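The structure appears right after this line, and notes come after that.
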Protein chains: 2
Amino acid sequence: MSESAANFGRKIQYASERSLGHASPQSDTSVGYVVRDVHRAFSRSLQAKIAAHGVSMGQWFFLRALWDEDGLTQRELSQRVGMMEPTTVTALNSMERRGLVERVRNPHDRRKVNIYLTPKGRGLRDVLLPCAAEVSDLATRGIAPADLALTIDVLHRMIINLGDNPDTI
Amino acid sequence: MSESAANFGRKIQYASERSLGHASPQSDTSVGYVVRDVHRAFSRSLQAKIAAHGVSMGQWFFLRALWDEDGLTQRELSQRVGMMEPTTVTALNSMERRGLVERVRNPHDRRKVNIYLTPKGRGLRDVLLPCAAEVSDLATRGIAPADLALTIDVLHRMIINLGDNPDTI
DNA sequence: CACTATCAATTAGATACCTAACCATTAGGT
DNA sequence: ACCTAATGGTTAGGTATCTAATTGATAGTG
């Protein structure tokens, strides 16, 4: 049972055996490790592109959410982006400092703070989304759409399996 | 061309549509986002298990490398683990503090520092590796081996595509 | 209408990463 | 033997996360 489990403690010789540039051929090929490396590869790649426009990865996700729907409260934003609230606070602090968003205390419920994009923040959309597209495009180059779809599905199933989903527990 | 690129800026309705527990149904399903979420799911899951034994994620990777080969220099360790050297320094500091490893200045080349597991550090192997196996097992439960293999291969190809590999550039 | 529970945001403090700049040591050429 | 290169490790400083505790505002109940 569960050959997959053994994976974590063992090495499989793989076609494209080299996890990160500086990782030795010793590097592990179990799912967890590969996922970590892909994640970092994505981060670096996108980071490199958007940094040119003065936006950091930490800000990226919140901008994305706000381009989608402006004026969310901080809690709503946290939920959309999938990050804890203190993380949101610090990200918004830096975004506010850079003039990308504005905090507006909600007049009807003074506990809430609504976040609005400034023109500058909104304007970044047309510059930054293509960056993300480039990264995604680069990453998936040469991968058959069916394989990609299956990969995404498998990854989704892993998320659910790992029980990060409250309804699942 | 490149439907994949569009992904990054769009939402696809997916069977298992829910990225993180607290993420709304709005959450993006493009590869980059899913990878990020799986990565965090893995981290949390493993972290929860190994924390019980006083080991943090930052230490885990280095322990793994040392269980595999003891007495590596810090640079070698960094390369095996795929982390920058300052990261290694701080991880080793905490591991040394907790009595998991010992730094020994290399007598033949006094620039180098060899890292040796203490009995305590070595002993954790038999406790911690099963934790990782459990996580891996849980994550891949119900996923056909062929699908898993394909997923890992696709992820590897993405790493190479994203050019984190110097030899590829 | 006062009390308490809940909600929204924040602060405090920890971990895990990174880049850039800096020492200390060794190696190699003259 | 010197001087410069390169090598190995560290420090300094920044970003991105998290959990736990705190503060302020509202809502619900007796």
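Bear in mind the structure is a predicted one, so any value in this text is a computation, not a measurement. Per chain, numbering begins at 1; letters A, B, ... match sequence-line order.
Mapping B:Thr90 and A:Glu85 onto DNA chain D by nearest heavy atom places B:Thr90 closer to the 5' end of the strand. Of the residues near DNA chain D, B:Asn93 and B:Arg75, the one whose nearest nucleotide (by heavy atom distance) lies more toward the 5' end is B:Arg75.
Residue A:Thr87 places no side-chain N or O under 4.0 Å from the OP1 or OP2 atom of D:dA16.
Across all strands shown, D:dA5 has no partner, as no Watson-Crick or G-U wobble contact with both distances under 3.5 Å is found. Remark: C:dT26 base-pairs with no nucleotide in the shown strands. Criterion, Watson-Crick or G-U wobble with two distances under 3.5 Å.
No cation-pi contact links B:Arg103 to B:Tyr116, judged by a cut-off of 6.0 Å to the six-membered ring centre and 45° from its axis.
Looking only at distances, no side-chain donor or acceptor of A:Ser45 sits under 3.5 Å from a matching main-chain atom of A:Phe42. A:Trp60 contributes no side-chain N or O that, together with a main-chain N or O of A:Ile50, makes up a donor-acceptor pair within less than 3.5 Å. Proximity of a side-chain donor or acceptor of B:Asn106 to a complementary backbone N or O of B:Val113 within less than 3.5 Å is not detected. Judged by distance alone, with hydrogens and angles left aside, the side-chain atoms of B:Arg105 form a donor-acceptor pair with the main-chain N or O of B:Arg110 at under 3.5 Å. Here the side chain of B:Ser136 pairs no donor or acceptor atom with the backbone of B:Ala133 at under 3.5 angstrom. For the pair A:Arg98 (side chain) and A:Gly54 (backbone), a donor-acceptor distance under 3.5 Å is present. For A:His156 (side chain) and A:Ile152 (main-chain N/O), a donor-acceptor pair under 3.5 Å exists by modelled atom type.
Counting to the nearest Å, the C1' atom of C:dA8 and the CG atom of A:Leu77 are 13 Å from each other. For A:Glu76 and C:dC7, the CD to C1' distance is 13 Å, given to the nearest whole Å. Between the CZ atom of B:Arg36 and the P atom of D:dA16 there is a distance of 12 Å, rounded to whole Å. A:Glu96 has its CD atom 13 Å from the P atom of C:dA9, to the nearest Å. To the nearest angstrom, C1' of C:dA16 lies 10 Å from CZ of A:Arg40. Distance A:Gln59 CD to D:dG14 P: 15 Å, rounded to the nearest Å. Atom pair B:Met84:CE and D:dG13:P shows a separation of 21 Å (rounding to whole Å applied). Per the geometry, CD belonging to B:Gln47 stands 10 Å off P belonging to C:dC17, to the nearest Å.
Checked against C:dA12, D:dT15, D:dT10, the side chain of A:Arg98 finds its nearest nucleotide in D:dT15. Distance from the side chain of B:Phe61 is smallest to C:dC17 among C:dC17, C:dT19, C:dT11.
Nucleic acid contact class of B:Thr73 (heavy atoms, under 4.0 Å, all strands): sugar-phosphate only. Looking at heavy-atom distances under 4.0 Å, A:Gln74 makes contact with sugar-phosphate atoms alone, never a base.
Counted by atom type alone, B:Gln47 and B:Ser56 present zero donor-acceptor pairs between their side chains at under 3.5 Å.
Glycosidic conformation of D:dA5: syn, with the torsion inside 90° of 0.
A heavy-atom distance below 4.0 Å to DNA chain D is reached by these residues of residues 102-115 of chain A, ordered by number: A:Asp109, A:Arg110, A:Arg111. At a non-hydrogen distance threshold of 4.0 Å, nothing from residues 48-57 of chain B comes into contact with DNA chain D.
Between A:Glu102 and A:Glu96, every side-chain heavy-atom pair lies at or beyond the 4.5 Å cut-off.
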